[in-house]
Structures are given as structure tokens and as C-alpha cells.
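Worksheet: one structure, shown below.
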Amino acid sequence: MQFTDTHTHLYSEAFDEDQDVMIQRAIEAGVTRFFIPAIDSEYTERMYALEATYPDHMFLMMGLHPTHVKENYEEELAHVEAQFKQRSFYAVGEIGIDLYWDKSTLEIQKDAFKRQIQLAKKYKLPIVIHCREAFDEVFEVLESEKGEDLFGIFHCFTGTKEHALRAISYNLKLGIGGVVTFKNGKIDQFLSEIPLEHIVLETDAPYLSPVPYRGKRNESSYVTLVAEKLATIYQKPLNEIAEITSENANAVFINVKTI
Ligand code: NI
């Protein structure tokens with residue numbers, strides 16, 4: 001049984017002490033493919049180093065995270081574009097809008113989001129969306145960019161059933177992580193009504209650990225706990241959840257090595 005973690009920040013400082021052991025633990029648990037979202041230029045070298053150490057397991061994205069869209073965002077976007085000119089990536093991500101941390105940057109967040117969607121279209125790549133307290137704003141941008149060339153993942157999906165259906169209408173899969181195991185996470189209430197073909201697994205490590213590790217450091221091996229919860233919700237054996245969600249990841253991250 002093999003799992004795909006479609007969103008994990010394995011290069012984070014949170015893993016500086018035990019990165020190798022933690023990655024081995026995930027691989028031993030059957031988590032064999034890791035999709036690595038970018039944050040900003042500070043982390044680019046760390047991402048490349050991770051890929052160099054585990055070339056068969058790590059699949060990199062490139063992009064500017066919405067909470068890192070600041071006064072210098074033109075320089076940061078230029079850095080992102082420069083990386084795409086040098087090499088290939090599996091997605092543009094993570095990108096989007098976050099109004100939880102800072103509402104004052106909404107306009108530049110929207111601009112960065114839109115321009116990175118256009119970058120993804122230029123390279124025929126999926127986008128990986130981060131949305132926090134910003135469903136209306138994210139959907140407004142997606143509405144203006146929708147089309148066959150727009151596709152990807154709505155990462156860490158925490159919305160309502162209506163939000164889920166709208167995201168799916170833009171060719172997006174829902175990235176489901178630890179929140180689905182939370183008592184007050186709400187998405188477990190309606191997820192069974194969303195066909196499994198629209199779901200991919202993720203951890204968002206080191207954040208948002210599933211129960212029983214809620215509040216502690218998250219790591220990619222815990223994606224199996226998310227899969228177990230989905231097995232209960234969808235009333236399917238765990239191996240089917242592993243297989244279908246991995247195939248769904250293959251459908252998004254075109255040309256990725258399959259397992
Ligand atoms: Ni993330």
C-alpha cells in the first residue's frame with residue numbers, strides 16, 4: 001500500500017534535527033511520494049537540497065506563498081520566474097490569498113495570485129492554492145482565470161459543501177489533511193457526498209497534525225491517519241483510499257512518476 005503526500009514542507013526548520021529519520025519513517029509507513037510546495041526565495045536552496053538527497057521521492061513546486069507577499073513581492077515573483085526558466089517543476093504553488101494573517105496586503109496578494117496562475121498556464125502546470133479566510137476573494141480570481149488550462153489542488157480544504165463543489169467546478173481537487181480528523185473540523189460531515197475522485201491526501205507538515213497528534217509537529221507519515229479517516233467516511237478499505245487518491249494525484253501532477 002502506497003500513499004502520496006501532495007503537500008508537505010519537509011525542508012522546514014521544524015525538521016532540522018531529524019529530517020532524515022522523519023522521512024525514512026514516512027517511507028516505511030508507505031508514504032513514498034512527497035510534493036513540496038514553495039514559500040519564498042529563502043527556502044529555494046533547501047528545497048533543491050532535499051530533492052538532491054531523495055530524487056526518487058521528492059517532487060518540487062515553485063511559487064510565492066500568500067503570507068509572504070510583501071513590499072518586495074516583485075523581486076520574489078522575479079525569483080519564481082527565474083527558477084522556471086532554469087528547470088522544471090510539478091506545479092505553481094503554494095499560491096492564493098490569506099486574510100487571517102494580514103488583510104492590508106489583499107490587493108498585492110490578488111495581483112501575485114493572478115500572475116502566478118498565468119505563469120502556470122504558460123508552463124501548462126497545475127496550481128496549488130492556499131486559502132485562509134478568503135473564499136470570496138480566491139473564487140473571484142479563479143472566476144476571472146477559469147478555463148480548461150486552469151487546474152490543480154485546493155490545498156487544506158476547510159470550506160463548506162458549496163465551496164467544495166465550486167472548487168471542483170474550476171478543475172480543482174480538494175487537498176484533505178489533518179482537519180478532517182478534528183472534532184470541530186466540519187468537513188467530515190459532508191465529504192462522503194463528494195466523489196472520492198476529487199480528493200487528494202496531504203499533511204501540510206509541520207502544521208495541522210491529525211488526531212491524536214493535534215497541536216504537535218506534523219510529519220508526512222501521519223498522512224496514513226488522514227487516509228484511515230477517509231476510509232471510515234467513504235466506507236472503503238484503506239488500500240482503495242491509498243490507490244484512488246494516488247491516482248488522483250497523478251491526474252493533477254502530470255508526468256510524475258507513478259507508484
Ligand atoms: Ni503549505
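Quick caveat: nothing in here was measured; it's all calculated off a predicted structure. One is the number of the first residue; the rest follow in order along the sequence. For ligands, and for the atoms within them, numbers begin at 1 and follow the listed sequence.
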Donor-acceptor pair, distance only, cut-off 3.5 Å: does the side chain of Thr160 make one with the backbone of His163? yes
Are Tyr123 and Phe84 an aromatic pair, judged by ring center distance below 6.0 Å? yes
Do the side chain of Lys173 and the main chain of Glu197 share a donor and acceptor less than 3.5 angstrom apart? yes
Taking Lys122 first and then Glu81, would you say they form a salt bridge - that is, a charged N and a carboxylate O separated by under 4.0 Å? no
Listing protein N, O or S under 2.8 Å around the Ni ion (ligand 1) gives His7 NE2, His9 NE2, Glu94 OE2, Asp204 OD1
Would you sort out whether His7 and Cys156 count as a side chain to side chain contact (heavy atoms under 4.5 Å, CB included), showing the intermediate values? CA-CA 9 Å; His7 196 113; Cys156 188; over 6 Å; no
Give a yes or no on whether the ring-centroid distance for Tyr11 and His9 is below 6.0 angstrom. yes
